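Everything below concerns the one structure shown next.
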Protein chains: 2
Amino acid sequence: MATLRDVAARAGVSASAVSYILRGDTRFQTETVERVRAAARELGYTANLSARILKAGRNGVIGVAVYALEAAQPMRLAAAITREAGERGLRVIVQETANSREGELQALERTTSQFCDGLIFSPAKVSAEEIKSHIGTKPMVWCEDFADEPLFDAVVTPSFEGARDAVRHLIAVGCRRIGILGIGAHEDARNKAVSDADGNSAFRAQRLRGALAALDEAGIEFEPDMAIACPWDFESGREAAHRLAARRTDDRLPVDGLFCLNDALAIGTARGFTDCGVRVPSDVAIIGFDGILEAAYTSPSISTVDIDYDDYARKALDLLVSRIERPSETTAPRRLVANYRLVQRESTAR
Amino acid sequence: MATLRDVAARAGVSASAVSYILRGDTRFQTETVERVRAAARELGYTANLSARILKAGRNGVIGVAVYALEAAQPMRLAAAITREAGERGLRVIVQETANSREGELQALERTTSQFCDGLIFSPAKVSAEEIKSHIGTKPMVWCEDFADEPLFDAVVTPSFEGARDAVRHLIAVGCRRIGILGIGAHEDARNKAVSDADGNSAFRAQRLRGALAALDEAGIEFEPDMAIACPWDFESGREAAHRLAARRTDDRLPVDGLFCLNDALAIGTARGFTDCGVRVPSDVAIIGFDGILEAAYTSPSISTVDIDYDDYARKALDLLVSRIERPSETTAPRRLVANYRLVQRESTAR
DNA sequence: TTGTATGCGTTATCAG
DNA sequence: CTGATAACGCATACAA
């Protein structure tokens with residue numbers, strides 16, 4: 001690979017001149033500028049980003065750390081960030097944290113952060129204080145931080161509002177026995193006291209709270225055992241549906257409406273009900289959360305709270321870029337909320 | 001962030017001693033080793049990977065460049081590579097090329113390659129010669145290179161064999177009028193002459209060839225207009241189904257079996273048929289290709305050729321790591337084929 | 001067994 | 001306007 005010096009030699013100038021000129025410094029003679037540009041083009045020169053960040057602490061690369069590469073929601077966000085960053089002349093690299101403490105620390109202090117000007121990160125196992133001590137001075141935007149006194153800039157999904165609207169929608173189409181699928185194992189819906197023992201799962205809690213608020217305002221009594229804890233994947237949804245179907249009495253399910261805390265759960269649940277001869281939406285209406293693409297192509301298609309990830313990405317990059325460009329500024333952490341809209345599909349059409 | 005020198009100062013030794021000791025050199029006194037390790041731990045020292053690759057050309061990071069972050073198949077591969085690399089003590093960063101020449105060149109000569117010991121890449125628009133000239137000496141494994149004289153090590157999916165088995169399966173369940181969905185715009189199924197004008201889409205061509213081979217061996221005449229060109233996404237599948245349904249005569253579709261060149265197409269197609277009152281599998285059987293998770297949770301669930309991406313990842317890393325570890329060795333490019341198995345689900349159950 | 005010197009490719013400072 | 005030169009953090013040959 002051609003280096004700065006190779007270009008300098010070919011153009012007959014110094015390496016520093018090449019560095020300046022290629023980065024757009026205007027104080028050189030047009031003739032010199034031309035010669036250098038030509039030499040760079042001919043050699044196929046590209047600046048080495050590792051050297052650049054080592055020296056300057058900046059290289060135009062943004063890191064994104066996600067909990068899984070095989071989950072639609074985080075990848076939708078990563079894709080939106082990549083698109084939006086591209087329009088701003090930034091590049092993006094993505095790393096998986098595998099939902100593990102180990103993986104999160106790796107992303108924080110090694111791969112992603114060391115290659116990048118800043119980091120967009122949604123930690124699940126690592127606390128804010130730990131992050132503070134591991135990330136150094138590198139700017140970070142925290143996805144889904146609902147802490148009362150945030151330590152970092154954050155963008156959050158409207159989990160409370162979205163969940164509330166989802167359950168309102170179930171009520172509006174006639175559901176009265178409403179279940180909630182996918183709460184954390186440590187959340188006690190009975191007392192509406194939601195703990196956070198399962199890592200930084202504050203956004204789960206938010207969704208539960210929003211759902212309960214909608215029931216409350218409609219004067220619907222909530223049966224605590226209608227809130228089911230499980231992980232957020234297809235198979236967990238399917239299994240939950242099987243268990244619910246097994247609880248039928250006189251061919252009647254314990255629920256007539258089900259709010260799934262994410263879309264993967266909703267898709268799995270719909271499939272599980274189909275396995276058992278339960279009809280969606282006539283026997284039970286289902287609504288999910290996220291707006292992943294697949295939810296529009298299942299049968300029945302799944303109603304959902306569609307998060308506007310382009311908006312999310314834009315806000316995350318606004319926050320991050322402002323910190324990168326003004327590192328000295330120490331304004332208080334800000335929190336922005338992404339847009340969303342309720343999408344009604346077949347799973348609640350009745 | 002603490003540097004080598006910080007650790008050295010704290011431990012009262014030279015920077016080079018720290019470098020040696022932390023990477024496991026054994027020729028130091030146990031007492032010194034202990035002191036250095038302790039100092040590193042106390043300061044939370046982590047080696048800077050940018051500096052390391054700049055100096056040594058090695059940092060234990062593997063780059064993966066995929067055409068889309070929102071597509072299940074490439075992310076399944078990226079996730080498998082991340083898992084497998086983790087077990088070998090390597091880290092992975094992922095970059096999106098957005099299926100564009102620009103994006104592919106970026107990955108090649110900037111982000112991914114400059115941060116990594118090597119690259120796993122599936123180019124669509126850039127030719128092998130271009131890659132050769134842009135990547136320098138960095139090892140690369142090419143995914144899905146079917147060139148006659150490969151320039152790089154490659155891992156490929158068994159596109160020919162998998163497609164052949166898929167169509168054999170359709171035939172086995174009684175299909176006789178078999179359509180193929182998702183061929184490239186420039187492929188002429190009529191002449192079985194498959195061009196490659198649409199970038200490096202050789203694997204599309206392989207799948208088509210495999211399908212035609214299965215028809216051939218069963219003595220089934222192939223109607224050229226039963227091979228439909230379209231992109232590989234949900235919506236294209238849905239639209240294709242609508243168009244096929246519009247061609248019904250006497251309530252009979254022009255096809256009774258459909259091989260979709262990937263699973264997203266298959267899911268979209270199944271949904272599209274449902275829209276039009278076409279029943280799957282009784283009116284038309286559908287089989288996809290890839291084995292993405294979602295295909296097991298739709299209704300009907302979709303039969304598919306399930307590629308073993310763990311095997312794929314293992315083979316890709318074997319190739320890449322061997323090149324990284326022995327850069328001088330100039331053995332000819334190798335090509336490995338991933339395992340696969342046919343998964344029968346509801347969409348072909350008849 | 002340990003330390004010193006050098007360089008990877010870049011940017012920034014300073015002198016001319 | 002341009003060019004030396006010194007870092008950035010690390011690894012390594014070589015000296016001690």
Side-chain angles (χ1 to χ4, degrees), chain A residues 1-37 39-40 43-61 109-111 113-117 136-138 327, chain B residues 1-37 39-40 43-61 109-111 113-117 136-138 327:
Chain A
M1 285 272 79
T3 74
L4 209 50
R5 270 191 263 279
D6 298 333
V7 178
R10 185 177 187 103
V13 296
S14 74
S16 51
V18 175
S19 174
Y20 283 123
I21 288 170
L22 291 184
R23 282 179 301 130
D25 197 302
T26 51
R27 64 187 167 177
F28 291 81
Q29 286 179 350
T30 11
E31 198 270 329
T32 315
V33 171
E34 276 315 309
R35 220 168 55 236
V36 167
R37 290 229 180 97
L43 293 171
Y45 168 77
T46 323
N48 184 309
L49 297 178
S50 286
R52 183 172 275 178
I53 200 168
L54 190 58
K55 177 63 192 171
R58 288 275 292 276
N59 66 357
V61 179
E109 62 188 18
R110 295 182 71 85
T111 354
S113 91
Q114 288 182 343
F115 296 137
C116 303
D117 297 351
T137 60
K138 198 84 50 164
Chain B
M1 286 271 80
T3 74
L4 208 50
R5 269 190 266 279
D6 299 332
V7 178
R10 185 178 188 104
V13 296
S14 76
S16 57
V18 175
S19 174
Y20 283 124
I21 288 171
L22 291 184
R23 280 175 309 118
D25 196 303
T26 52
R27 64 186 168 179
F28 291 82
Q29 288 178 347
T30 11
E31 198 271 329
T32 316
V33 171
E34 276 316 308
R35 220 169 55 237
V36 167
R37 289 229 180 99
L43 292 172
Y45 169 77
T46 322
N48 184 309
L49 297 178
S50 286
R52 185 172 273 178
I53 199 167
L54 193 57
K55 176 63 191 173
R58 289 277 290 277
N59 65 357
V61 180
E109 62 187 18
R110 296 182 72 83
T111 354
S113 91
Q114 289 182 343
F115 297 137
C116 302
D117 297 350
T137 60
K138 197 84 52 165

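The chains referred to below are lettered A, B, ... by the order of the sequence lines, with proteins before strands, and numbering in each begins at 1. Quick caveat: nothing in here was measured; it's all calculated off a predicted structure.
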Query raised in the report: With a 4.0 Å cut-off on heavy atoms, is B/Arg5 in touch with a base, just the backbone sugar-phosphate, or nothing at all?
Result: base

Query - Closest approach of B/Ala39 to B/Ala11 (non-hydrogen atoms, all atoms of both residues) - result: CB-CB, 4.0 Å

Query - Bend angle of the helix from C/dT1-D/dA16 to C/dG16-D/dC1, from helix axes over five pairs at each end, nearest 10° - result: 50°

Could you list the donor-acceptor pairs under 3.5 angstrom formed by side chains in residues 51-59 of chain B, with sequence neighbours left out?
unit_1	atom_1	unit_2	atom_2	d
B/Asn59	OD1	B/Val61	N	3.1
B/Asn59	ND2	B/Phe115	O	2.8

Report summary line: Nearest-nucleotide check on DNA chain C, B/Val33 vs B/Lys55; residue mapping nearer the 5' end is B/Val33

Query raised in the report: Reading DNA chain C 5' to 3', which nucleotide is the first, and which the last, to come under 4.0 Å of any heavy atom in chain B?
Result: C/dT1 to C/dG9

Query raised in the report: According to the salt bridge (charged side-chain N to carboxylate O under 4.0 Å, His left out) rule, which pairs have a member within residues 12-27 of chain B, sequence neighbours left out?
Result: B/Asp25-B/Arg27

**Report entry** Spacing of CG belonging to A/Leu4 relative to OG1 belonging to A/Thr46, to within rounding of 0.5 Å
**Finding:** 11.5 Å

Requested in this report: Could you list the residues that satisfy side chain to side chain donor-acceptor pair (under 3.5 Å) with B/Thr32, not counting sequence neighbours?
Outcome: none

Query - Set of salt bridge (charged side-chain N to carboxylate O under 4.0 Å, His left out) partners for B/Arg35, sequence neighbours left out - result: B/Glu31

Query - Considering all heavy atoms, the nearest A/Ala15-A/Arg5 contact - result: CB-CG, 4.2 Å

Query - Nearest-0.5 Å distance that lies between atom CD in B/Glu109 and atom CD in B/Gln114 - result: 8.0 Å

Query - Residues forming a side chain to side chain donor-acceptor pair (under 3.5 Å) with B/Thr111, sequence neighbours excluded - result: B/Gln95

Report summary line: On a heavy-atom basis, the closest approach of A/Ser50 and A/Asn48 is N-OD1, 2.8 Å

Report summary line: side chain to side chain contact (heavy atoms under 4.5 Å, CB included) filter on B/Ala2, not counting sequence neighbours, yields B/Asp6, B/Leu43, B/Tyr45

Report summary line: side chain to side chain donor-acceptor pair (under 3.5 Å) filter on B/Arg110, not counting sequence neighbours, yields none

Query raised in the report: Quick one, which residues of residues 24-32 of chain B touch DNA chain D with a heavy atom under 4.0 Å?
Result: none

Query raised in the report: Quick one, which residues of residues 10-20 of chain B touch DNA chain D with a heavy atom under 4.0 Å?
Result: B/Ser16, B/Ser19, B/Tyr20

**Report entry** Bounds of contact between DNA chain D and chain A, in 5' to 3' order, using a heavy-atom cut-off under 4.0 Å
**Finding:** D/dC1 to D/dG9

